[in-house]
Peer 1: 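Pasting a structure here, questions to come.
All ligand and atom numbering here is 1-based and tracks the order in the structure.
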Amino acid sequence: MSRAGKIDTGPAAGLAAAFADRYGREPDGLWQGPGRVNLIGEHTDYNEGLVLPFAINRATAVAVGLREGRTARLASGFAGAEPVEVDLKAFRPETAEGWTAYPLGVAWALEQAGASIPGFDILIASDVPVGAGLSSSAALECAVATALAELTGAGLSRAELAAIGRRAENEVVGAPTGMMDQYASLLGAEGSAVFLDCRSGRAQLVPLTLEAAGLVCLVIDTRVVHAHATGGYAARRASCLRAAEVLNVAALRDLSTADLARAERRLDEETFRRVRHIVTENDRVRRTVDLLRTDGPGAIGALLDASHRSMRDDFEISCPELDLAVETARAAGAIGARMTGGGFGGSAIALTPVDKEERVRAAVLDGFARGGLRTPEIFTVLPAAGAVRIAGP
Ligand code: ADP
Ligand code: MG
């Protein structure tokens, strides 16, 4: 790849050379898939509702080379990821283990979609933090899906590749996630958010021009994941499904704010609050999209704040660290802030005027230090392009 243009920065820096060292051959190309931040629309995806994520300028890069036969060799710079060699002929979704379930799951799902996948060598490098709510899993899946689809001439659209990444995560990794992450990682574009209707699969780009508005999007990774995160996610999902049954709708997506009074009469107090979060969150996504189109990102702060309150009080998926991050960022000058991702830990985002960035960072660090909490990781993200080939012959 050095012949085609050396990559000096980002996760792909030095990756072609490392691939050649490890496998004794040149890769056929380098691809990358970005992580994502969900701007607004939390837990709405599995309720067939609306989400508004954006692909970020942090990505997982893969160097890939096809090989004769049906053996795959996989390695990653990710801590604890042991290199493996597997026989693809013998691969079964239920036997996939550890981190290799993501790339091998994608290869399997591509085959299920009709692609013919030969053996391959792959080396992975990433600057998407793992488990921070930025979807390092989708970044990896989408990088691999884009690479293998292109190298094998599978002729699949980006939306089809997103479905393949999701299938890998659902059926091979075994995580019951919605479609948001893979769509964001594949359909994202610089300066845009991806407005996705999780029922129809329709995706539209919406301008998210932070720089022009004098704003930065700070990610505050609390670096905590509470023990009940997985159980909490499953429990929220189950209550939403139950509520839809009681209210006799196909999904909570079918309710509007005008239906809330009826819902309150028919549901217990806690389930009603779960429903109110989903219904008002869908409404906030719509209003955010409208405001981004008319007034720009400077106008959406109050909607981010309202989204956080709804997750904290009605859906009960926040935690003290996320609340602290949001409150201190707002008090120090952010125009809007909310937790992002599944909840019970992970990251918050704070939309912040450029000239207040340092103040917000300092205030959050100080707040965590005073609380005796682990130092959060704070960095900015920009809306970036979706998965793409970055080098190759
Ligand atoms: P996230 O919120 O970051 O998506 P997940 O638990 O969904 O967290 O996915 C993280 C998992 O994805 C890791 O534990 C690992 O198995 C896999 N993964 C992510 N990035 C990499 C990488 N660069 N190399 C190998 N495996 C990775
Ligand atoms: Mg994930």
Side-chain angles (χ1 to χ4, degrees), residues 10-15 18-19 22 30-38 42-43 45-46 51 53 55-56 58-64 72-84 86 96-107 121-145 147 162 165-186 219-227 229-234 317 322 339-349 377 379 381 387:
L15 191 61
F19 181 100
R22 169 170 289 276
L30 266 57
W31 288 258
Q32 69 179 22
R36 63 99 186 95
V37 156
N38 191 20
E42 221 64 75
H43 285 253
D45 58 350
Y46 55 78
V51 293
I56 58 174
R58 284 185 171 233
T60 296
V62 296
V64 184
R73 296 186 289 183
L74 304 100
S76 169
F78 173 57
E82 291 296 324
V84 295
V86 291
E97 275 181 17
W99 72 274
T100 59
Y102 296 86
L104 292 175
V106 166
D121 293 327
I122 182 166
L123 180 63
I124 300 159
S126 180
D127 64 4
V128 185
V130 169
L134 303 184
S135 207
S136 67
S137 56
L140 175 55
E141 289 151 7
C142 296
V144 173
R166 180 194 181 178
R167 189 163 183 200
E169 184 136 356
N170 290 169
E171 295 180 35
V172 181
V173 176
T177 50
M179 68 204 286
M180 165 168 68
D181 300 354
Q182 293 81 10
Y183 265 76
S185 184
L186 277 153
V219 173
I220 303 160
D221 175 7
T222 64
R223 298 164 79 204
V224 297
V225 179
H226 288 279
T230 311
Y233 181 90
I317 53 172
L322 288 167
M339 56 149 279
T340 183
F344 310 105
S347 298
I349 54 170
E377 208 59 70
F379 49 90
V381 289

Peer 1: Does the side-chain contact (heavy atoms from CB on, under 4.5 Å) test come out yes or no for F19 and D121, once each step is laid out?
Peer 2: CA-CA 9 Å; F19 181 100; D121 293 327; 3.7 Å; yes
Peer 1: Just list the N/O pairs, ligand 1 to protein, that are under 3.5 Å apart, with the distance for each.
Peer 2:
unit_1: ligand 1; atom_1: 3 (O); unit_2: G131; atom_2: N; d: 2.8
unit_1: ligand 1; atom_1: 3 (O); unit_2: S136; atom_2: N; d: 3.1
unit_1: ligand 1; atom_1: 3 (O); unit_2: S136; atom_2: OG; d: 2.6
unit_1: ligand 1; atom_1: 4 (O); unit_2: S136; atom_2: N; d: 3.1
unit_1: ligand 1; atom_1: 4 (O); unit_2: S137; atom_2: N; d: 3.1
unit_1: ligand 1; atom_1: 4 (O); unit_2: S137; atom_2: OG; d: 2.9
unit_1: ligand 1; atom_1: 7 (O); unit_2: S137; atom_2: OG; d: 3.1
unit_1: ligand 1; atom_1: 24 (N); unit_2: S76; atom_2: OG; d: 2.6

Peer 1: Taking 2.8 Å as the limit, list every protein N, O or S atom around the Mg ion (ligand 2), by chain and residue number.
Peer 2: S137 OG
Peer 1: Test your reading of the model: is there a side-chain donor-acceptor pair from R36 to the backbone of S185, 3.5 Å cut-off?
Peer 2: no
Peer 1: Mark yes or no for whether R223, through its side chain, and S347, through its backbone, hold a donor-acceptor pair below 3.5 Å.
Peer 2: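 Side chain of R223 to backbone of S347, a donor-acceptor pair under 3.5 Å: no, none is there.
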Peer 1: Verify, without hydrogens or angle tests, whether E42 (side chain) and G341 (backbone) share a donor-acceptor contact under 3.5 angstrom.
Peer 2: yes
Peer 1: Which residue, S76, S126, S137, forms the side-chain hydrogen bond (donor to acceptor under 3.5 Å, both in side chains) with T60?
Peer 2: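 Testing each of S76, S126, S137 against T60, the sole residue satisfying side-chain hydrogen bond (donor to acceptor under 3.5 Å, both in side chains) is S126.
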Peer 1: When N38 is tested against each of D181, D45, T340 for side-chain contact (heavy atoms from CB on, under 4.5 Å), which residue passes?
Peer 2: T340
Peer 1: Minimum heavy-atom separation for G165 to E141, with atom names?
Peer 2: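 Shortest heavy-atom contact: O-OE1, 3.4 Å.
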Peer 1: Hey, does the side chain of W31 reach the backbone of A145 with a donor-acceptor pair shorter than 3.5 angstrom?
Peer 2: no
Peer 1: Side chains of L140 and F78: does their closest heavy-atom pair fall under 4.5 Å?
Peer 2: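 SC-SC contact between L140 and F78 ruled out.
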